[in-house]
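Note on naming: letters A, B, ... go to the chains in the order of the sequence lines (proteins, then strands), and numbering restarts at 1 for each one. Quantities reported herein were computed from a predicted structural model and do not represent experimental measurements.
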Amino acid sequence: MIDLAQLRREPDVLKAALGRRGISSREVDEIVALDVEHRRLLQESERLRAEVKELSRRVGAARREKDLVTAEELASTSRGLGDDERQASEATELVGSRLRDLLLLLPNLPDPRVPDGADENDNVEVRRWWVGMDEGAPFPTFADHQRVAHWDIGRDLGILDMESGAKLAGSMFPLYRGAGSRLIRALAFFALDQHADAYEEIRPPSVALTDTMMSTGHLPKSADDMYAIERDDLWLIPTAEVPLTSLHRGEILNESALPVRLTAFTPCFRREAGAAGKDTRGLLRVHEFDKVELFAYCTPAQADEAQADILRRAEGILQALGLTYRVLDLCAGDLGTASAYTIDLEVFSPGVDRWLEVSSVSWFRDFQARRANVRYRTSDGSTAFVHTVNGSALAWARIWAALVETYRQEDGSVRLPAVLAPYFGGDPVLRATPS
RNA sequence: GGAGGGAUGACAGAGCGGCCGAAUGUACCGGUCUUGAAAACCGGCGUGGGCUUGCCCACCGUGGGUUCAAAUCCCACUCCCUCCGCCA
């Protein structure tokens with residue numbers, strides 16, 4: 001949620017910033033007008049309320065002095081005022097809730113660093129990385145044996161069974177088996193071990209209340225992208241960002257405790273409602289995938305470094321796995337609702353010949369903290385909203401795809417990078433099992 | 001799923017219709033004293049919102065209701081604790 005005080009103070013700055021994301025200035029004007037009206041009504045109802053309270057005090061005083069006639073007169077006056085007050089506060093609440101609704105739908109202000117642009121085609125590629133790049137090796141060319149799609153590799157080796165997944169839960173729910181399943185586990189354990197030095201490991205619930213979903217900005221705007229369990233008012237989490245952002249909801253943290261860094265390995269559920277039929281083969285786009293998330297609550301001054309640390313760690317995993325990837329600076333039009341500045345990581349998957357998004361590292365300024373009401377006490381004793389940053393490190397389904405394609409050998413087996421060996425209890429080689 | 005008990009400020013814990021935003025203790029911050037610390041003493045100490053910056057309003061788990069007036073009475077819900085049942 002953006003700051004209403006800032007909206008009053010400098011509406012033109014907000015219009016310009018939101019305009020970059022395609023929000024018309026009319027929408028902002030409507031909110032400003034509602035705010036003015038809301039405060040006018042608030043003053044009126046509070047004035048009436050104060051009067052009722054004052055009269056009630058005098059009723060009490062009169063009755064103590066056994067002046068029952070005066071007491072009844074005052075009570076009668078107050079009764080009338082009470083009706084007015086009720087009406088006034090109902091009107092205030094009506095305008096107030098309309099104002100809140102609009103405010104909740106308004107996206108965050110893009111940071112000045114964010115490049116202009118309308119959609120993903122305008123994202124700016126910052127750099128690429130590949131094995132040997134630092135020693136001057138050219139961008140890799142991939143051999144024919146690497147140019148096989150992961151769904152074919154998965155079928156041939158018996159490690160990915162999309163048909164069974166579909167049988168159990170419908171299409172786009174993958175089922176990994178054998179070494180394929182172990183690979184997901186290995187990746188998650190490897191990453192968690194990498195982050196254990198600075199991030200507290202959390203295993204949150206995989207479902208969240210509506211309030212919890214509100215805090216990150218996923219609701220009310222993106223309800224159609226989420227799985228809902230209506231009878232229990234629960235939602236399947238689309239990312240661990242949701243529970244982690246709400247972990248300290250409604251709390252005031254000590255400045256000395258910041259940054260609070262958290263990591264979590266959870267399943268992520270996405271309906272992908274608008275994506276029917278588009279890039280949906282194999283693991284390109286799935287309804288459920290596992291992900292290790294990095295997250296931090298921090299002060300505004302710590303935010304840049306907190307975001308940089310997450311990006312560094314996400315890249316570190318990609319480099320340790322020897323995967324080719326690129327770094328994108330998301331343009332204003334492609335920014336997530338809550339984000340002020342986002343860097344995406346895309347891994348190159350040679351078998352499908354595509355860049356696949358595997359991480360999104362975002363700084364939310366105080367947008368989420370305002371919704372979740374997470375503050376910190378500064379050294380001078382005042383309170384301020386924390387900043388939140390998060391990023392995946394990483395989303396494993398697409399990493400799984402890029403790994404088996406990149407490391408497919410001429411004989412059809414997959415020889416995974418040595419860093420995973422400890423998690424495989426030996427040579428991380430995936431071979432077809434004779435059936 | 002059934003029965004009972006509870007939810008008040010950072011914590012403990014009073015209040016159970018009328019200057020109660022809330023006693024008291026602890027913690028915390030400032031001061032006096034002290035070579036320094038401790039102790040003692042004095043003072044301060046919740047969060048948001050509105051506007052004429054001094055005042056007003058809201059908040060005692062959440063949402064409704066009763067009343068001139070609700071932390072206090074009534075109803076519903078949520079969470080926690082104890083016991084029983086069921087159970088990975």
- Message: Quick one, A:Phe265 and A:Glu293 - any side-chain contact, counting heavy atoms below 4.5 Å?
- Response: no
- Query: If you draw the axis of the six-membered ring of A:Tyr199, does the NZ or CZ of A:Arg261 fall within 45° of it and under 6.0 Å from the ring centre?
  - Reply: yes
- Here the salt bridge (Lys or Arg N to Asp or Glu O under 4.0 Å) pairs for residues 87-108 of chain A, sequence neighbours left out, are A:Glu30-A:Arg98, A:Glu93-A:Arg100
- Using a 3.5 Å limit on both pairing distances, list the dot-bracket string of RNA chain B from the 5' end; Watson-Crick and G-U wobble pairs count, crossing pairs take [ ], interstrand pairs take |. ((((((((.[[[..)..(.....]]].(((((.......))))).((((((..)))))).[[[[[..)....]]]]])))))))....
- Earlier contact from the 5' end, RNA chain B, for A:Leu74 and A:Arg377: A:Arg377
- To the nearest angstrom, how far is A:Arg39 atom CZ from B:G49 atom P? 12 Å
- Between B:U47, B:U66, B:C68, which nucleotide gets closest to the side-chain atoms of A:Arg86? B:U66
- Query: Can the ring centroids of A:Phe269 and A:Trp235 be said to lie less than 6.0 angstrom from one another?
  - Reply: no
- Task: Quickly work out the A:Leu81 CG to B:C57 C1' distance and round it to whole Å.
- Result: 16 Å
- Message: What I want to check is whether the side chains of A:Asp161 and A:Tyr176 have a donor and an acceptor closer together than 3.5 Å.
- Response: no
- Which residue lies toward the 5' end of RNA chain B, A:Arg64 or A:Arg375, if each is placed at its nearest nucleotide? A:Arg64
- How close or far is atom C1' of B:G49 from atom CG of A:Asp35, stated in whole angstroms? 12 Å
- Task: Using heavy atoms and a sub-4.0 Å distance, could you list which residues of residues 52-62 of chain A are near RNA chain B? By number, please.
- Result: A:Lys53, A:Ser56, A:Val59, A:Gly60
- Query: Separation of A:Asp211 atom CG from B:G61 atom C1', in whole Å?
  - Reply: 14 Å
- Item | B:C74 to B:C84 separation - P atoms, rounded to the nearest Å | 30 Å
- Message: Could you tell me how far B:G85 sits from B:G17 if I compare only their C1' atoms? Round to whole Å.
- Response: 42 Å
- Message: Applying the side chain to side chain contact (heavy atoms under 4.5 Å, CB included) criterion to A:Ile184, which one of A:Phe189, A:Trp396, A:Phe289 satisfies it?
- Response: A:Trp396
- From A:Phe364, A:Phe367, A:Trp363, A:Tyr376, residue fulfilling ring pair (Phe, Tyr, Trp, His ring centres under 6.0 Å) relative to A:His387: A:Trp363
- Message: I'd like to know if the side chain of A:Glu65 and the backbone of A:Ala62 have a donor-acceptor N/O pair within less than 3.5 Å.
- Response: no
- Query: Is there side-chain contact between A:Leu430 and A:Ser413, with heavy atoms separated by less than 4.5 Å?
  - Reply: no
- Sticking with atom P, work out how far B:U53 lies from B:C75, rounded to a whole angstrom. 47 Å
- Gap in Å between the two P atoms, one belonging to B:A38 and one to B:G30, rounded: 11 Å
- Spacing of A:Gln43 atom CD relative to B:A58 atom P, expressed in whole Å: 15 Å
